[in-house]
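What follows is a set of notes on a single structure, which appears directly below.
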Amino acid sequence: MKIILKDGSELDLKSGATAKDAARAISEGLLRAAVAAKINGQLADLLTALCEGDRLEIVTLKDKEGLEVYRHTCAHVLAQALKTVFPTCKLAIGPVIDNGFYYDVDFKTPITMEDFAKIEAEMKKIIKADFPIERFTLSREDAIVLMSKFHENYKVELIQDLPEGEEISFYKQGSFTDLCRGPHLPSTGKIKAFKLVSIAGAYWRGDEKKKMLTRIYGTAFAKKEEMDEYFEMLEEAKKRDHVKLGKEMKLFALLNEGKGFPFFLPSGMILKNVLVDYWRQLHRREGYVEVQTPMIMTRTLWENSGHWEHYKDNMYTTKIDGEDCAVKPMNCPGGMLVYKLAPHSYKDLPIRMGELGLVHRHEKSGQLHGLMRVRCFTQDDAHIFMLPEQITDEIKGVVRIIDEVYSLFGFKYHVELSTRPKDSMGSDEDWDKATNALRAALDELKLPYVVNEGDGAFYGPKIDFHLEDSIKRTWQCGTIQLDFQMPQRFDLEYVGEDGQKHRPIMIHRVVFGSIERFIGILIEHYAGKFPVWLAPEQVKVLPVTDRAAAYATELADRINAMGLRASADLRKEKIGRKILDAEMEKVPYKLIVGDKEVEGNTVSVRKRGEGDIGVMTQDDFIALLKKENDEKIIF
RNA sequence: GCUGCUGUGGCUCAGUCGGUAGAGCACAUCCUUGGUAAGGAUGAGGUCGGCGGUUCAAGUCCGCUCAGCAGCUCCA
């Protein structure tokens, strides 16, 4: 029979030959490297029999899919080892994830990381034994019988949920058999480098109401060196942790007296204010106006907006003069009230109404994380009230702003479209209309996105923009939400060309998302080494001796008077020490001034990360600094 | 909230077998005026996260609790 290879060439094989036979026929080297096959685009085991005319691609560890197969087999090796070391444990699921794999297991008595050595030793034995890994299939009934025999009730539950009539595949290695779609490596001996990484709780089927299982995380690489590199990379990433840097750089503080309510310190406030200044300039250019609505409003308002019904668990409430009130968890209801203050003409729309609103939300304690997840944060919010025909343009406008801002910082982001959640309000028709409008805008912009079913806000679907932190966890920052509900609930109107009253449509949107979270991401992105325009302190003037102290102070004053940020280090320390300290503080520019500089009205400049860049006049340096600072100024 | 781990001066960490605490950095004072990544001396600073228990004796053992970290769930 003939099969077709990746490069289009044909290969002649005996009928009944497997993908492994094909690899052998191509080359000895390929046979050694092969971990799986792709037959007609479908990932499969190497031992899969081929048919006349199949398109075949041999998958090796160099392919992403090959590494995934490798790690998946490693998860099975872990499971087999666990069944040996802890015979009473019950297996749940063991998938591949980015950078590794995990297995969820129900243990009689909890295990700890101390047990890892034992488990890893057993895994090594299994690898050394080089068990062949064999695939077989059973009917649903037989599959249930088999898994029941092993007392694997989680597996039984999984099988019961599989569609009727389908054959169910299993993989057997040595005495161990696991329910699995596959594919897998041909034998356990192919695994070269693996490590168990951590342990955590995870709910069975991701459901908070179900039993919590023990999740064992592991990783595996083709070579030991690659694994070492990976762990080194993780160590490096930890040094960028914004909680650690925020403390070291005195940007913010997290205290027990306000769990989830961050304190912003002077340097952190500079950073925050610089971001806010930039935001204001940008939004002025884009035709936004700015308002501020109250922090506390009455229960009747929150009932009207639907928050009291759908969001109460996350709201802080209080009583004022006997009346129930809530601290705002969102800015929209306040914005609605502002819109309603006056009648509007279709000629006024769209109205783009921004608000840097401080919102409070009661997040569960275990969910708090540095600045990324807090209980009070500033949203760089805006509500856009518009005509139906303006929807697409307005969405595109917001996407453009978000892209401009993220690009400015050099962020990579990915986009998700979140649809109607279980707990929500409004008609299906409105939800469909809104979801389709968002989808249409994304398609028109040719922006790639993934759909996140059921993750929308309770009042409408949304487009979410996600940014990565230093260890590649992603955080939602920007979001665009299309809302047909609030305008109805608040009875918003405009007078159309026809003189009749109409209902405007509204967008909620944020660019930074939460300024606090955005700052967290920025700290990790720059590892604390902020560009000049963001740096809390831009210049440190370092006099060599007391004789230059007055000159240093005057220079720092001159820079500050221009709205830039400098200070002089007048301590009685050696210059080397002052340089070290300023470097540790990550100040972009250090100016060394001694007798020579005082004499010539010059400065000796050190740039962060580059060292000594030479002597220049005060005026030249200030021009240089100003240019870098003004890079991002819009007006 | 759930599971696991951690909690010792402002920071980073030692502290063995239970015998009532130690270092470096930072801080203060003094000496040093030194030209591109740590000058020297002296000093002050801790009821060992909190509460309770076991014990002649608890940082150390036990229980509870609070907080932090990782993951799950939820979310900007």
Side-chain angles (χ1 to χ4, degrees), chain A residues 97 102 104 107 110-114 197-217 238 241 243-244 247-248 250 253-257 259-260 311 313-314 329-330 357 359 361-381 418 421 423 455 457 462 464-467 471 473 475-479 481 508-518 520-521 542-549 572-584 590-597 604-606 611-615:
Chain A
I97 48 171
Y102 66 78
D104 282 351
F107 288 101
I111 68 157
T112 69
M113 283 174 69
E114 315 260 297
V197 175
S198 62
I199 205 165
Y203 299 108
W204 168 232
R205 308 212 120 176
D207 184 344
E208 206 174 352
K209 308 256 174 338
K210 296 208 163 105
K211 182 161 184 183
M212 179 160 275
L213 309 174
T214 304
R215 177 168 295 179
I216 299 176
Y217 285 91
K238 268 191 215 151
D241 175 34
V243 179
K244 180 175 174 281
K247 196 176 195 176
E248 281 171 15
K250 298 185 173 63
L254 303 165
L255 305 179
N256 292 348
E257 287 81 352
K259 202 186 164 190
Y311 208 73
D313 288 348
N314 283 300
M330 296 187 195
V359 298
R361 299 182 183 176
H362 184 74
E363 303 294 353
K364 291 188 227 161
S365 62
Q367 292 164 183
L368 302 176
H369 174 72
L371 289 184
M372 303 294 199
R373 193 74 183 273
V374 289
R375 283 176 173 161
C376 84
F377 57 99
T378 313
Q379 288 185 305
D380 62 320
D381 216 340
S418 298
D423 181 12
D455 208 37
K462 52 185 190 159
D464 295 325
F465 294 76
H466 294 250
L467 293 176
I471 53 173
R473 288 178 297 206
W475 297 90
Q476 185 188 319
C477 290
T479 165
Q481 311 178 345
H508 311 243
R509 47 111 279 176
V510 286
V511 179
F512 293 142
S514 130
I515 295 180
E516 288 74 6
R517 176 178 288 183
F518 201 81
I521 302 241
L542 313 177
V544 179
T545 68
D546 285 353
R547 292 187 299 280
K572 285 186 173 184
E573 293 289 351
K574 287 188 166 180
I575 192 66
R577 184 46 182 263
K578 291 183 184 179
I579 289 169
L580 172 66
D581 289 343
E583 198 73 38
M584 299 305 258
K590 281 136 289 211
L591 303 181
I592 287 104
V593 294
D595 295 339
K596 282 181 283 188
E597 286 77 11
S604 173
V605 184
R606 263 189 86 97
D612 194 348
I613 61 166
V615 177

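These values consider heavy atoms only, across backbone and side chains, with no hydrogens, waters or symmetry-generated copies. Convention: sequence-line order gives letters A, B, ...; per-chain numbering from 1.
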Dump every N/O contact between nucleotides 1-11 of chain B and the protein below 3.5 Å, one line per pair.
{"from": "rG1(B)", "atom 1": "OP2", "to": "Ser365(A)", "atom 2": "OG", "distance (Å)": "2.1"}
{"from": "rG1(B)", "atom 1": "N7", "to": "Gly366(A)", "atom 2": "N", "distance (Å)": "3.2"}
{"from": "rG1(B)", "atom 1": "O6", "to": "Gly366(A)", "atom 2": "O", "distance (Å)": "3.4"}
{"from": "rG1(B)", "atom 1": "N2", "to": "Tyr203(A)", "atom 2": "OH", "distance (Å)": "2.4"}
{"from": "rU3(B)", "atom 1": "O2", "to": "Gly201(A)", "atom 2": "N", "distance (Å)": "3.2"}

Taking only nitrogen or oxygen atoms into account, show me every contact under 3.5 Å that the protein makes with nucleotides 43-51 of chain B, one pair per line with its distance.
none

So does [X] pair up with [Y], basic N to acidic O under 4.0 Å?
X	Y	answer
Asp104(A)	Arg215(A)	yes
Asp381(A)	Arg509(A)	no
Asp207(A)	Arg205(A)	no

With a non-hydrogen cut-off below 4.0 angstrom, is [X] in contact with a base, only sugar-phosphate, or nothing?
X	value
Arg215(A)	sugar-phosphate
Gly594(A)	base
Val544(A)	base
Tyr102(A)	nothing
Arg361(A)	base
Lys462(A)	sugar-phosphate
Glu583(A)	base
Val359(A)	nothing

Selection from [options] that lies nearest to any side-chain heavy atom of [X]:
X	options	answer
Ile579(A)	rA76(B), rU36(B), rG35(B)	rU36(B)
Ser604(A)	rU36(B), rA76(B), rU33(B)	rU36(B)
Ser514(A)	rU36(B), rA70(B), rA76(B)	rA76(B)
Asp595(A)	rG35(B), rA76(B), rA37(B)	rG35(B)
Asp546(A)	rG34(B), rA37(B), rA76(B)	rG34(B)
Tyr217(A)	rA76(B), rG71(B), rG35(B)	rG71(B)

Inset, instruction - Mind telling me whether Phe518(A) and Phe512(A) have parallel, tilted or perpendicular rings, with 30° and 60° as the class edges? - result: tilted
Complement of [N], any strand, by Watson-Crick or G-U distances under 3.5 angstrom:
N	answer
rC5(B)	rG68(B)
rG52(B)	rC62(B)
rG46(B)	none
rA14(B)	none
rU33(B)	none
rC74(B)	none

Legend entry - Atom C1', compared across rC17(B) and rA23(B): separation rounded to whole Å: 23 Å
Legend entry - Atom C1', compared across rG24(B) and rA14(B): separation rounded to whole Å: 11 Å
Legend entry - Asp612(A) and Val605(A), any side-chain heavy atoms less than 4.5 Å apart: no
Legend entry - Side-chain heavy atoms of Tyr102(A) within contact of Val197(A), under 4.5 Å: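 In short, these two side chains do not touch, never coming nearer than 4.5 Å.
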Between atom [atom1] in [X] and atom [atom2] in [N], what is the gap in whole Å?
X	N	atom1	atom2	result
His466(A)	rC75(B)	NE2	P	12 Å
Lys574(A)	rC31(B)	NZ	C1'	13 Å
Glu597(A)	rG35(B)	CD	C1'	8 Å
Ile575(A)	rU33(B)	CD1	C1'	12 Å
Arg373(A)	rA70(B)	CZ	C1'	15 Å
Glu573(A)	rC25(B)	CD	C1'	13 Å
Lys578(A)	rU36(B)	NZ	C1'	12 Å
Ile613(A)	rG35(B)	CD1	P	22 Å

Inset, instruction - May I ask you to evaluate whether His369(A) reaches the phosphate of rA70(B), defined as a side-chain N or O under 4.0 Å from OP1 or OP2? - result: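 The answer is yes; a side-chain N or O of His369(A) sits under 4.0 Å from OP1 or OP2.
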Legend entry - Along RNA chain B (nearest heavy atom to each residue), the more 5'-positioned of Val605(A) and Trp475(A): Val605(A)
Inset, instruction - Report the residue (Tyr311(A) or Val243(A)) whose heavy-atom-nearest nucleotide on RNA chain B is the more 5′ of the two. - result: Val243(A)
Inset, instruction - Rounded to the nearest 0.5 Å, what's the gap from CD on Gln379(A) to CE on Met330(A)? Could you check? - result: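 Gln379(A) CD to Met330(A) CE: 7.5 Å, rounded to 0.5 Å.
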